2 protein chains.
Amino acid sequence: MALSHAILVSLLDCPSSGYDLAKRFDGSVGFFWDASHQQIYRELAKLEAANHITAETIEQDARPNKKLYSVTESGKTFLMEWLDQSVSLCPIKDDLLVKLYGGYLIEPDAMVKELRQQRKLHQTRLVEYQAIEDRFFPDVEALSQKGTYQYLTLRNGIQFEQGWLKWCDEAIATLQSFVESPE
Amino acid sequence: MALSHAILVSLLDCPSSGYDLAKRFDGSVGFFWDASHQQIYRELAKLEAANHITAETIEQDARPNKKLYSVTESGKTFLMEWLDQSVSLCPIKDDLLVKLYGGYLIEPDAMVKELRQQRKLHQTRLVEYQAIEDRFFPDVEALSQKGTYQYLTLRNGIQFEQGWLKWCDEAIATLQSFVESPE
DNA sequence: TGGTCCATGTAAAACGTTACATGATTCC
DNA sequence: GGAATCATGTAACGTTTTACATGGACCA
């Protein structure tokens, strides 16, 4: 149910086309939600049918035309009703941990490689987040309320990734002993 | 696709009925995967049809009969093929962060309350994880390889929850200033 | 001429959620 | 007498993923 809310929050921040949204969900919005362009287009169609957003067609000459979506009053009300409800913990689903749980079935060496690979991916993401922090939030004291809220979501992403790096290091160090001296 | 792998990994660790699995997914397996009993029964039927698991009916007098599932050779092969493939980062979807991103639309006071509530939920989960750590992993040095792998998944859960607590505290402290002196 | 970017979508299959359904036993 | 536990499922619906589809502009 929350994809619609993620889209509304993002559109409220800045009216955009489906294509733009898809890119944002792949970038900055990506630190709290993930969605493919197919999902986004379908959800936009639904939100428009429900009058929560309106589209304005922008004619472009060197490029395909695009539809610029904005949130309506009804959409804002719909979003605020959701904001007023309390949320529960999000369910955990992590392929890597399933794999690790059954890790004893494969070579310790292969598992260490996999963890190193994961560590690299998290490292890359952390660098991206930190670049956003440096570029868009250089002076935290000077932020508006809205800016502060957005900054806090970014901080969450940064802390998460740092946690991952720390855990990967711990796990790699532990498994290293199996590689050196297998039981 | 990974629900099947999570079930196989868990069944390989210990043959069980659907009911038992559902409870484990709600408990210890819950720190890396989440699934309802309906999903589990459906997936078990599929896995049995694919010959990845076999069922043995256990007659019980004071209780309903149950089907005890075990992983077949074919199931083990299927799982190991998956274990050999490298996994990508798991997509992030977090209601709380969507809410926070649009947090400027509601009262700072309401947002602080919500964060306190979340903090409590994470705290509860952390205590559960630590209880598992104390009960089942009192001597980390003495663990078998299999035990070590399972311990590492638990450590991941613990670190995560500690990260959440830290972030919640940071966020609450930041928002507190809005409650005391609104812009 | 081959790839990436812009821009929008459809369709089918897999996966997840919610509600419904049953029935004995055990504990308070 | 009522609730929880054990134990299994079905059905409808909603969401997500994967694959397919189009077509011009721009760059090397």
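As the structure is a computational prediction, the values presented were derived from the model and not from experiment. Note on naming: letters A, B, ... go to the chains in the order of the sequence lines (proteins, then strands), and numbering restarts at 1 for each one.
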A.B. asks: Let me know the distance between CG of B:Leu68 and P of D:dA7, rounded to the nearest Å.
C.D. replies: 11 Å
A.B. asks: Whole Å only: how far is the CD atom of B:Gln39 from the P atom of C:dT18?
C.D. replies: 11 Å
A.B. asks: Between B:Gln123 and B:Glu161, does any side-chain donor sit less than 3.5 Å from a side-chain acceptor?
C.D. replies: no
A.B. asks: Check this one for me: any side-chain N or O of A:Tyr41 less than 4.0 Å away from OP1 or OP2 of C:dG9?
C.D. replies: no
A.B. asks: Can you tell me the distance, in whole Å, between the CG atom of A:Asp95 and the P atom of C:dC15?
C.D. replies: 12 Å
A.B. asks: Under 4.0 Å between a side-chain N/O of B:Ser17 and OP1 or OP2 of D:dC6, yes or no?
C.D. replies: no
A.B. asks: In whole Å, I'd like the distance from the CZ atom of A:Phe25 to the C1' atom of D:dT16.
C.D. replies: 14 Å
A.B. asks: Can you see if the side chain of A:Lys67 gets near the phosphate of C:dG9 - specifically, an N or O under 4.0 Å from OP1 or OP2?
C.D. replies: yes
A.B. asks: Which whole-number value in Å describes the distance from A:Ile92 CD1 to C:dG16 C1'?
C.D. replies: 17 Å
A.B. asks: Look at the side-chain N and O atoms of B:Gln60 and state whether any lies under 4.0 Å from the OP1 or OP2 oxygen of D:dC6.
C.D. replies: no
A.B. asks: Say whether B:Glu56 and B:Tyr69, considering side chains only, have a donor N or O and an acceptor N or O under 3.5 Å apart.
C.D. replies: no
A.B. asks: Without hydrogens or angle criteria, can the side chains of A:Asp20 and A:Ser17 be said to hold a donor-acceptor pair below 3.5 Å?
C.D. replies: yes
A.B. asks: Starting at atom CZ of B:Arg63, determine the distance to atom C1' of C:dT22, rounded to an integer number of angstrom.
C.D. replies: 18 Å
A.B. asks: Whether A:Lys93 contacts C:dG16 is assessed here as follows: a side-chain N or O lying under 4.0 Å from the phosphate OP1 or OP2. Is that the case?
C.D. replies: yes
A.B. asks: Over all strands shown, is B:Gln38 touching base, sugar-phosphate only, or nothing at heavy-atom distances under 4.0 angstrom?
C.D. replies: base
A.B. asks: Heavy-atom nearest nucleotide on DNA chain D for B:Asp20 versus A:Lys46: which residue maps closer to 5'?
C.D. replies: B:Asp20
A.B. asks: CG of A:Leu3 versus P of C:dG16: gap in Å, rounded?
C.D. replies: 16 Å
A.B. asks: Measuring to OP1 and OP2 of D:dT8, would you say a side-chain N or O of B:Tyr19 lies under 4.0 angstrom away?
C.D. replies: no
A.B. asks: Less than 6.0 angstrom separating the ring centers of A:Phe32 and B:Tyr101, yes or no?
C.D. replies: yes
A.B. asks: So which one's nearest nucleotide on DNA chain C is more toward 5', A:Lys66 or A:Arg42?
C.D. replies: A:Lys66
A.B. asks: Evaluate the salt bridge (charged side-chain N to carboxylate O under 4.0 Å, His left out) criterion for residues B:Glu170 and A:Arg155: first the C-alpha distance (whole Å), next the side-chain angles of each, then the deciding distance (0.1 Å), finally the verdict.
C.D. replies: CA-CA 9 Å; B:Glu170 186 183 311; A:Arg155 286 298 306 164; 3.2 Å; yes
A.B. asks: Would you mind reading off the distance between B:Lys23 atom NZ and D:dT8 atom P, rounded to a whole angstrom?
C.D. replies: 11 Å
